[in-house]
There are 2 protein chains.
Amino acid sequence: MKISKRSQYGLRGLFRLAQAEGHTPMREVAKKEGISEDYLEKIFTRLEKKDFITSKRGPSGGYALAMKPEEINLRLILEVLENNFSLVECVDEGCSRLDDCPVASVWKRLDDEVKEKLELITLKTILENNKD
Amino acid sequence: MKISKRSQYGLRGLFRLAQAEGHTPMREVAKKEGISEDYLEKIFTRLEKKDFITSKRGPSGGYALAMKPEEINLRLILEVLENNFSLVECVDEGCSRLDDCPVASVWKRLDDEVKEKLELITLKTILENNKD
DNA sequence: ATAAAAACCGAGTCATCTACTCGGTATTAT
DNA sequence: ATAATACCGAGTAGATGACTCGGTTTTTAT
């Protein structure tokens, strides 16, 4: 029942990109956030493949958001970075005993509620919280 | 970001105990729910140590709820059965960069909201949902 | 009193996942 | 041409989850 460091790092990385203008080198983000460069690179690669960010090679290159901060919410981020998104498998994989399982509906409802909450948190709202 | 099978089995086991009167042998619960006996035993032992259930040895023994169904909510169950309860460590362990971490408050709020939701789901509400 | 039914206990295993690391290649601004 | 950057595949160490196994203790029913 833990959100992985991968997702946590990913969110922090995206936040840094959201704060900056133009492209920011990954190394710079890693340094600011105290995250291993090699690892953050994997994370950014993944986010890039899903078109959350764009990349530019060579000097003065780096990464930049490909979407508006208000369009990137936590649910989307976790869908990319968590390998198994959703609280229990039976929600999306379909268990054989679903019909007579007394608690399946509990998990399903909970899963929905959590995902709703996640959608309310966007990079924009986080930026605004940190505007002081 | 998964709820473990341990917790899922635990909830289903507790549900069966809640339905029955007196003591129910663990084997019977395991059979009904299609859960490994050896494994369910570990789970019940854990729940018993935390006084959610009581045990009785010998023939016509078994396990029974030690609390009222409305007093046992999902948050309490997960606190016993998940080894790491809470969505991110920084919430309870305290990270060294907490002060300048832009997203700590996000996780904290989310964690609180999820836990609130979990408290609303009790064995009683699950029993009522399955009353047809 | 004995046999059977149950809970109790500690240890061990196997697979999967996370959180990395490492060594190298490709691209591009200066 | 050089240096800065992204890109890529493989590998690894540790933790955890989901069990299994072999036994011990307690208690009820006969």
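Chain identifiers are assigned alphabetically (A, B, ...) following the order of the sequence lines, protein sequences preceding nucleic acid strands; residue numbering begins at 1 within each chain.
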Tell me which residues in residues 71-78 of chain A put a heavy atom below 4.0 Å from DNA chain D, sorted by number, or none.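 Output list: empty, so none.
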
Check DNA chain D against residues 8-37 of chain B and give the residues with a non-hydrogen atom under 4.0 Å, in numerical order.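 The answer is B/Tyr9, B/Ser36.
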
Going by the salt bridge (charged side-chain N to carboxylate O under 4.0 Å, His left out) test, which pairs reach into residues 36-49 of chain A, not counting sequence neighbours?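 Every salt bridge (charged side-chain N to carboxylate O under 4.0 Å, His left out) pair that includes a residue of residues 36-49 of chain A, provided the two are not neighbours, is A/Arg27-A/Glu37.
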
Please list all pairs passing the salt bridge (charged side-chain N to carboxylate O under 4.0 Å, His left out) test where one or both residues lie in residues 8-17 of chain B, with sequence neighbours left out.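 Only B/Arg12-B/Glu33, B/Arg16-B/Glu33 qualify under salt bridge (charged side-chain N to carboxylate O under 4.0 Å, His left out).
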
Write down the protein N/O and nucleotide N/O pairs, taken from nucleotides 14-17 of chain D, whose separation is under 3.5 Å; answer none if there are no such pairs.
residue	atom	partner	partner atom	Å
D/dG17	OP2	B/Arg6	NH2	3.4
D/dG17	OP2	B/Asn83	ND2	2.9

Is it true that a side-chain atom of A/Glu82 and a backbone atom of A/Ser4 form a donor plus acceptor pair closer than 3.5 Å?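 Yes, the answer is positive, given that a donor and an acceptor are paired below the 3.5 Å cut-off.
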
Main-chain N/O of A/Leu118 paired with A/Arg75 side-chain donor or acceptor, under 3.5 Å: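 Between the backbone of A/Leu118 and the side chain of A/Arg75 there is no qualifying donor-acceptor contact (under 3.5 Å).
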
Could you check how far [atom1] of [X] sits from [atom2] of [N], rounded to whole Å?
X       : N      : atom1 : atom2 : answer
B/Ile43 : C/dC8  : CD1   : P     : 14 Å
B/Lys2  : C/dT16 : NZ    : C1'   : 14 Å
B/Phe44 : C/dA6  : CZ    : P     : 14 Å
A/Leu40 : D/dT5  : CG    : P     : 14 Å
A/Arg46 : D/dG9  : CZ    : P     : 14 Å

Grab the two heavy atoms, one from [X] and one from [Y], that are nearest each other, plus how far apart they are.
X        : Y       : value
B/Ile43  : B/Gly10 : CG2-CA, 3.8 Å
A/Thr122 : A/Pro69 : CB-O, 3.7 Å
B/Asp111 : B/Leu87 : OD1-N, 2.9 Å
A/Phe44  : A/Val29 : CZ-CG1, 4.2 Å
B/Ala66  : B/Thr54 : CB-CG2, 3.7 Å

Looking at A/Arg109, A/Lys108, A/Lys115, which hits salt bridge (charged side-chain N to carboxylate O under 4.0 Å, His left out) with A/Asp112?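 It is A/Lys108; the other options fail the test.
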
As an exercise, state the distance from OG of B/Ser7 to CZ of B/Phe85, rounded to the nearest 0.5 Å.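 The distance works out to 8.5 Å.
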
Roughly how far, to the nearest 0.5 Å, is CG of B/Asn73 from NZ of B/Lys124?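 The NZ atom of B/Lys124 sits 13.5 Å away from the CG atom of B/Asn73.
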
For a 4.5 angstrom cut-off between non-hydrogen side-chain atoms, does A/Leu123 reach A/Leu65?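 Contact flag for A/Leu123/A/Leu65 side chains = yes.
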
Contact pattern, 5' to 3', of nucleotides 21-30 of chain D - B, S or - by protein heavy atom under 4.0 Å: B---BBBB--

